[in-house]
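In what follows, chains carry the letters A, B, and so on, assigned in the order in which the sequence lines appear, proteins first and then strands, with residues in each chain numbered from 1. Just so it is clear, the structure is predicted and the values come from calculations on it, not from any experiment.
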Amino acid sequence: MKLSGSTRSAAVSEGRFARACLLALGLAFLALFLLLPLAAVFAEALSKGLAVYAAAVAEPDAVAAIRLTLLVTAIAVACNLVFGLAASWSVAKFSFPGKSLLVTLIDLPFSVSPVISGLIYVLLFGAHGVFGPWLRAHGVEVIFAVPGIVLATVFVTLPFVARELIPLMEAQGRGDEEVARTLGASGWQIFFRVTLPNVKWGLLYGVLLCNARAMGEFGAVSVVSGHIRGLTNTMPLHVEILYNEYNFAAAFAVASLLALLALLTLALKTVLEARGAGPAGGPGH
Amino acid sequence: MCVLVRTGRRLFSIVALAAGLAVGAAPAFAEATLLNVSYDPTREFYKAFNAAFAAHWKAETGETAHVNMSHGGSGKQARAVIDGQDADVVTLALAYDIDAIADKTGFVAKGWQARLPHDSAPYTSTIVFLVRKGNPKGIRDWGDLAKPGVQVITPNPKTSGGARWNVLAAWAWAEDAFSGDEAKARGYLRAVFRNVPVLDTGARGSTTTFVKRGIGDVLLSWENEAFLAIRELGPQAFEIVVPSVSILAQPTVALVDANAARHGSRKLAEAYLAYLYSPEGQRLAARHYYRPVSPQYADPADMARFPQVKLVTVGERFGGWRAAQQRFFADGGVFDQIYPMR
């Protein structure tokens with residue numbers, strides 16, 4: 001009895017010790033691989049003072065890059081929101097031939113290197129690509145212009161929303177929808193009042209991931225951008241240019257802005273979650 | 001649920017607002033614009049030159065001209081123009097890259113190189129060595145690059161113009177040193193590339209590898225790039241070594257006829273290229289460490305910075321760029337033969 005008691009207390013203290021170790025390890029890992037680089041970015045960005053930082057961020061080419069990044073991200077997120085909802089809805093709630101093929105295809109952008117993602121658009125829309133000559137003859141610019149950047153970004157961020165929603169919708173099954181149907185709800189009613197509320201957190205998470213990747217994408221966008229200053233440079237490309245021009249403080253200033261946007265995204269997610277979980281609005285009630 | 005719908009609407013309106021801002025605030029280009037697709041180390045020069053040209057064009061015609069720039073490895077940039085990048089003018093590292101555009105697409109008219117003076121090269125440069133202060137590895141000439149334990153930094157000749165000049169300069173030295181024995185020259189080049197730890201795609205990438213990341217003992221560099229690196233990153237850290245022989249590097253410029261015709265920008269583009277040969281263009285070239293073809297227009301103090309080097313030319317030594325490209329850098333050429341055997 002006594003023996004077993006002491007064993008138990010040893011086990012508990014051992015557990016506590018192990019937990020502390022794990023916690024320390026986790027925090028050290030986070031500090032080393034997340035916080036330190038982040039702090040380094042901000043330290044380097046501010047190394048020449050606030051005035052240099054402000055000038056770097058307010059410089060016309062930087063402003064153009066920020067604007068382009070926001071535009072491309074807004075379009076990519078909107079496209080993938082619609083596509084992700086439609087694809088996951090059809091995959092999770094219905095069975096049809098070619099379903100597993102669709103699921104596999106949704107994952108394709110994850111498995112393909114971003115450089116290839118860019119090159120396929122060069123092959124399609126380049127001057128000697130499949131559609132290139134026709135587009136050129138009609139004065140439509142796709143590649144080395146904003147539409148190409150949007151296409152490449154949509155491609156690389158395509159799986160985020162769908163990947164987040166498919167397992168969620170599959171787990172929820174179609175019970176709620178069937179009940180709504182028997183109560184006389186129309187298709188849109190079911191979607192907006194039953195399906196969407198059920199998946200809103202997953203959807204939000206998918207959108208945020210999609211957003212973060214769209215803002216930060218480098219490889220695919222680099223291939224199709226053409227790197228024209230003030231016109232087709234997104235923020236990550238602008239950072240590279242500044243770095244290559246020995247303009248290190250400015251490069252890190254724009255990089256820190258990119259990091260800030262990412263942090264803002266996370267903050268937004270936390271706020272929305274907190275609100276949703278608050279007393280006023282439990283999900284779906 | 002109501003909360004969700006409201007949140008959803010609010011989210012949507014935020015997104016719409018962001019998109020609207022981004023589109024609505026895009027600058028309206030009432031002015032005449034040009035796109036100059038250039039290679040890596042010309043950034044600082046064209047920044048200054050474009051401002052000077054805009055002022056000149058304004059004075060001449062009353063029109064506001066704005067020149068957009070794109071920079072990257074010369075071969076990569078040529079590839080982009082071939083794939084449809086809308087350049088009105090190209091200002092690349094060597095004639096062959098413009099030949100490639102002319103051959104593959106016809107966007108640049110055949111015979112482009114005869115349209116402007118000096119083989120369409122308004123400024124020249126050469127290849128020198130950038131070493132760490134005090135030259136700790138004692139690198140004096142091309143032969144030292146092949147020694148074991150010397151790390152050599154150069155970009156990839158497949159994508160970079162500067163790297164191709166590097167290879168040809170090294171070859172010119174080796175041909176003389178081994179009195180024309182090609183097998184020995186190949187062995188030498190193989191030994192040099194065995195000492196190369198990383199091939200960046202462009203000259204600027206290699207410079208940052210060498211100066212910022214601190215990799216390597218010697219950087220094979222455009223003369224202008226070497227001067228610039230020293231100016232930007234401190235004379236206390238690096239010095240230039242001038243080899244016994246180097247190559248006359250002629251970065252060439254051309255109008256991209258097809259694109260200029262589509263944009264209606266031919267007159268502006270031609271004036272832009274002609275201005276490179278003007279006294280002001282030549283002065284700015286020398287200021288940014290390019291050797292001007294008309295040195296009389298340059299500031300003598302700028303000219304005094306250029307060391308005396310014995311220079312060979314691609315024309316007399318290699319029979320022109322087409323022949324050199326074919327022999328050294330085409331698939332299966334000398335570079336492919338020596339590079340994989342590390």
Validation: residues 126-150 of chain A side-chain donor-acceptor distances under 3.5 Å, sequence neighbours left out:
unit_1	atom_1	unit_2	atom_2	d
A:H128	NE2	B:I82	O	3.1
A:R136	NH2	B:N259	OD1	2.5
A:H138	ND1	A:W134	O	2.8

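- Scanning all heavy atoms of the two residues, the minimum distance from A:E245 to B:R204 falls at CA-NH1, 3.8 Å.
- Taken to the nearest 0.5 Å, the CZ atom of A:F125 stands 13.5 Å off from the CG atom of B:D83.
- Rounded to the nearest 0.5 Å, atoms CE (B:M69) and CG (A:D61) are 11.5 Å apart.
- More than 12 heavy atoms of other residues, nucleotides or ligands shown are found within 6.0 angstrom of NZ on A:K269.
- The ring-ring contact (aromatic ring centres under 6.0 Å, His included) test applied to B:W112 returns no partner, not counting sequence neighbours.
- Atom NZ of B:K158 has more than 12 heavy atoms from other residues, nucleotides or ligands within 6.0 Å.
- A:Y243 has its side chain within reach of B:K212: a pair of non-hydrogen atoms, C-beta onward, lies under 4.5 Å apart.
- Contact of B:A87 with chain A is not made at all, since no heavy-atom distance falls under 4.5 Å.
- For B:Q85, the parts sitting under 4.5 Å from any heavy atom of chain A are the backbone and the side chain alike.
- In this structure, the side chains of A:N244 and B:H71 stay at 4.5 Å or more apart for every pair of heavy atoms.
- The distance from atom CG of B:D86 to atom CG of A:L231, rounded to the nearest 0.5 Å, is 11.5 Å.
- Using a 4.5 Å heavy-atom cut-off against chain B, the contacting residues of residues 214-228 of chain A are A:G226, A:H227, A:I228.
- Within 6.0 Å of OH in A:Y205 there are 12 or fewer heavy atoms belonging to other residues, nucleotides or ligands.
- Only the side chain of A:F248 comes within contact range of chain B, with at least one heavy atom under 4.5 Å from a heavy atom of that chain.
- The side-chain hydrogen bond (donor to acceptor under 3.5 Å, both in side chains) search around B:H288 returns none, not counting sequence neighbours.
- Both the backbone and the side chain of A:I241 come within contact range of chain B, each with at least one heavy atom under 4.5 Å from a heavy atom of that chain.
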